[in-house]
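Shown next, in structure tokens, is the structure this report addresses.
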Amino acid sequence: MKLATGILYTEKQIKQRVEEIAQQVSVDYAGKTLVLCAILKGSIPFLADLMRRISLDVRLVLIEMKSQVDGEHASILFTSSLDLSGKHVLIVEDIVDTGITLDYLLKRLEVERAPASIRVAALLDKPEARKLDVPVHYRGFTVPDKFVVGYGLDWQERYRNLPYITWVEPE
Ligand code: IMP
């Protein structure tokens with residue numbers, strides 16, 4: 001696979017959209033303590049930009065997950081410590097593709113951590129690939145059914161550091 005020459009979303013477009021989401025989150029959670037629950041590693045740039053634009057009392061949890069290669073299972077590898085019971089949780093995800101990873105996480109958090117509420121902020125949404133119906137409350141952009149990279153998203157651990165979003169395609 002090689003990097004495409006085109007760009008899906010520029011650095012400027014991403015910055016503006018993240019700002020809009022941060023403003024909406026700040027309004028929606030006004031007066032509440034918000035726990036951002038970021039899924040490693042792809043959400044790191046989104047998390048870093050989003051959290052600095054949210055004007056609320058924000059806490060942070062980092063979760064590393066494994067989406068199985070067969071695309072049918074997910075598992076949690078690591079969770080940083082913080083009590084989520086009774087807290088308002090916003091999951092920060094890079095992309096919702098099949099929805100399997102998010103569906104698994106939502107169920108685990110709801111059952112085991114008893115938060116007051118859980119919502120999802122996903123930078124990218126790839127609806128054509130969806131297998132499970134999962135809620136996406138804050139969506140950056142919708143992308144076509146391509147393998148997208150950049151701004152945290154990787155292909156075989158490459159391209160995470162691109163400041164824009166593009167895709168990889170066959171050589
Ligand atoms: P899921 O298919 O919704 O479970 O997606 C799980 C994870 O796969 C996402 O959080 C991403 O880390 C990764 N992923 C899915 N689609 C893409 C893509 O197009 N580019 C890069 N990573 C992806």
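Order of listing sets the numbers, starting from 1, for every ligand and every atom in it.
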request  = Have a look at Tyr151 and tell me which of Asn161, Asp94, Asp49 forms a side chain to side chain donor-acceptor pair (under 3.5 Å) with it.
outcome  = Asp49
message = Going by side chain to side chain contact (heavy atoms under 4.5 Å, CB included), name the residues that satisfy it together with Lys2, two or more places apart in sequence or in a different chain.
response = Glu169, Glu171
query = Closest approach of Ser55 and Ser26, non-hydrogen atoms and distance?
reply = N-OG, 3.1 Å
request  = Could you please spell out the steps behind the salt bridge (charged side-chain N to carboxylate O under 4.0 Å, His left out) verdict for Arg17 and Glu20?
outcome  = CA-CA 5 Å; Arg17 189 71 193 108; Glu20 287 166 5; 2.7 Å; yes
Got a list of side-chain donor-acceptor pairs under 3.5 Å for residues 139-149, not counting sequence neighbours?
{"unit_1": "Arg139", "atom_1": "NE", "unit_2": "Asp125", "atom_2": "OD2", "d": "2.7"}
{"unit_1": "Arg139", "atom_1": "NH2", "unit_2": "Asp125", "atom_2": "OD2", "d": "3.1"}

key: Residue pairs fulfilling side-chain hydrogen bond (donor to acceptor under 3.5 Å, both in side chains) with at least one residue in residues 28-37, sequence neighbours excluded   = Gln24-Asp28, Asp28-Tyr138
I'd like a table of the close N/O pairs between ligand 1 and the protein (anything under 3.5 Å), one pair per line with both atom names and the distance.
{"unit_1": "ligand 1", "atom_1": "2 (O)", "unit_2": "Thr98", "atom_2": "N", "d": "2.8"}
{"unit_1": "ligand 1", "atom_1": "2 (O)", "unit_2": "Thr98", "atom_2": "OG1", "d": "2.6"}
{"unit_1": "ligand 1", "atom_1": "3 (O)", "unit_2": "Asp97", "atom_2": "N", "d": "2.9"}
{"unit_1": "ligand 1", "atom_1": "3 (O)", "unit_2": "Thr98", "atom_2": "N", "d": "3.1"}
{"unit_1": "ligand 1", "atom_1": "3 (O)", "unit_2": "Gly99", "atom_2": "N", "d": "2.8"}
{"unit_1": "ligand 1", "atom_1": "4 (O)", "unit_2": "Thr98", "atom_2": "OG1", "d": "3.3"}
{"unit_1": "ligand 1", "atom_1": "4 (O)", "unit_2": "Thr101", "atom_2": "N", "d": "3.0"}
{"unit_1": "ligand 1", "atom_1": "4 (O)", "unit_2": "Thr101", "atom_2": "OG1", "d": "2.5"}
{"unit_1": "ligand 1", "atom_1": "10 (O)", "unit_2": "Glu93", "atom_2": "OE1", "d": "3.4"}
{"unit_1": "ligand 1", "atom_1": "10 (O)", "unit_2": "Glu93", "atom_2": "OE2", "d": "3.2"}
{"unit_1": "ligand 1", "atom_1": "10 (O)", "unit_2": "Asp94", "atom_2": "OD1", "d": "2.9"}
{"unit_1": "ligand 1", "atom_1": "12 (O)", "unit_2": "Asp94", "atom_2": "OD2", "d": "3.2"}
{"unit_1": "ligand 1", "atom_1": "16 (N)", "unit_2": "Asp97", "atom_2": "OD2", "d": "2.6"}
{"unit_1": "ligand 1", "atom_1": "19 (O)", "unit_2": "Lys126", "atom_2": "NZ", "d": "2.9"}
{"unit_1": "ligand 1", "atom_1": "19 (O)", "unit_2": "Val148", "atom_2": "N", "d": "3.0"}
{"unit_1": "ligand 1", "atom_1": "20 (N)", "unit_2": "Val148", "atom_2": "O", "d": "2.6"}

